[in-house]
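Data block below; observations after.
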There are 2 protein chains.
Amino acid sequence: MTNVSNVLKPRFKPSHPGLVFKRQVLEGYELSITEAARRLGVSRKHLTNFSNGHVPCSLDLAQRIAAATGSGVAVWINLQANYDTWLAEHTDTPDVVAFG
Amino acid sequence: MTNVSNVLKPRFKPSHPGLVFKRQVLEGYELSITEAARRLGVSRKHLTNFSNGHVPCSLDLAQRIAAATGSGVAVWINLQANYDTWLAEHTDTPDVVAFG
DNA sequence: TGAAGGTGTAACCTATTAGGTTGCTATTGC
DNA sequence: GCAATAGCAACCTAATAGGTTACACCTTCA
């Protein structure tokens, strides 16, 4: 697993998008989870789980956060993609037969 | 929706990861969908659907393709993320109350 | 001290979806 | 004709996003 991309781009475990949301957005706007959930149109339970890194950032949630904050939806999708990538690189790879 | 990022990074609709897989990987290795499905350990039906852009690239599939081709899993996750981003930017945004 | 609001978490339910199996039809090459 | 491939449909399952409700535990404030 030591290839060029790893050498050029050493990876530490990225923050879960929910933690970024909590620290950057909620604290930045001084919003409670309860109030943010109301404005986003999602349940408080779900936003709590997301903000604590227990559930991934779905496309729907990414769209809502982007719409409410004025940020691009790509930010949240890519945060999740980076997080997923790190996980995928650090879990066992499924059994396959190599191509070529 | 006309912001700096759109100006700097004009977006055309990205190819579905499955089409990339079909054109670049299958044709490159001269593999049939049937044979590739066998090697990846997924059903032929599912790989057909993926290769024709009917189903997204799941994390599991991304891991399998990466393992079989020696490419990084990030490639496939990011292809899907870019595709998702484009779709999210070109569909109606859900109803939310702005922060701040 | 007690009420109010915020937080975390658990149990339960529903809708969606990834993915499998089977079977049919069409196409291509031997 | 026949074998292999491809696309697609119907159907089934396991997993998951997300909701509702409820409970326990803080703070803060009157």
Handout entry: Integer-rounded Å distance: D:dT16 P and A:Q80 CD
Key = 13 Å
Practice task
Could you work out which one of C:dG20, D:dG7, C:dA18 sits closest to the side chain of B:I33?
Solution key: D:dG7
Practice task
Look only at the side chain of A:R64 and the backbone of A:L40, and say whether a donor-acceptor pair between them is shorter than 3.5 Å.
Solution key: yes
Exercise for the section: Specify the separation, in whole Å, of atom CZ of B:F50 and atom P of C:dG19. Expected result: 10 Å
Handout entry: D:dT5 phosphate, OP1 or OP2, under 4.0 Å from B:K45 side-chain N/O
Key = no
Handout entry: Atom pair distance, as rounded to whole Å: CD in A:E30 and P in C:dG6
Key = 14 Å
Practice task
Give B:S32 one of three labels, base, sugar-phosphate or nothing, depending on what nucleic acid heavy atoms sit under 4.0 Å from its own.
Solution key: sugar-phosphate
Practice task
State plainly whether one hydrophobic cluster holds both A:L79 and A:L19, where clusters connect Ile, Leu, Val, Met, Phe, Trp and Tyr through side-chain heavy atoms under 4.5 angstrom apart.
Solution key: no
Exercise for the section: Would you indicate, yes or no, if C:dT7 has its OP1 or OP2 atom less than 4.0 angstrom from a side-chain nitrogen or oxygen of A:T34? Expected result: yes
Exercise for the section: Provide, to the nearest angstrom, the distance between the CG atom belonging to B:L61 and the C1' atom belonging to C:dT17. Expected result: 15 Å
Exercise for the section: Could you please name the option among D:dG19, D:dC23, D:dT5 that lies closest to any side-chain atom of A:R44? Expected result: D:dC23
Exercise for the section: Could you check B:H54 against A:V42 and say which one's nearest nucleotide on DNA chain D is further toward the 5' end? Expected result: B:H54
Problem - A:R39 side chain to B:A98 backbone, donor-acceptor under 3.5 Å - result: yes
Problem - Geometric class of the B:Y29/A:F99 ring pair [parallel <30°, tilted 30-60°, perpendicular >60°] - result: perpendicular
Practice task
Using whole Å, report how far CZ of B:R64 lies from P of C:dG19.
Solution key: 9 Å
Practice task
Give the nucleotide from the list C:dG20, D:dG7, C:dG8 with an atom nearest to the side chain of B:T48.
Solution key: D:dG7
Fill in the blank from the handout: Looking only at D:dT20, C:dG8, C:dA18, the nucleotide nearest the A:N52 side chain is C:dG8
Exercise for the section: Could you work out which one of D:dG7, D:dT5, D:dA17 sits closest to the side chain of A:S58? Expected result: D:dA17
Practice task
Starting at atom CG of B:L47, determine the distance to atom C1' of D:dC8, rounded to an integer number of angstrom.
Solution key: 15 Å
Practice task
Please confirm whether the backbone N or O of B:P56 pairs with a side-chain atom of B:Q80, one donor and one acceptor, at under 3.5 Å?
Solution key: no
Handout entry: Separation of atom NE2 in A:H46 from atom C1' in C:dT9, rounded to whole Å
Key = 15 Å
Exercise for the section: Return the value, rounded to whole Å, for the distance between atom CG of A:L59 and atom P of D:dA17. Expected result: 11 Å
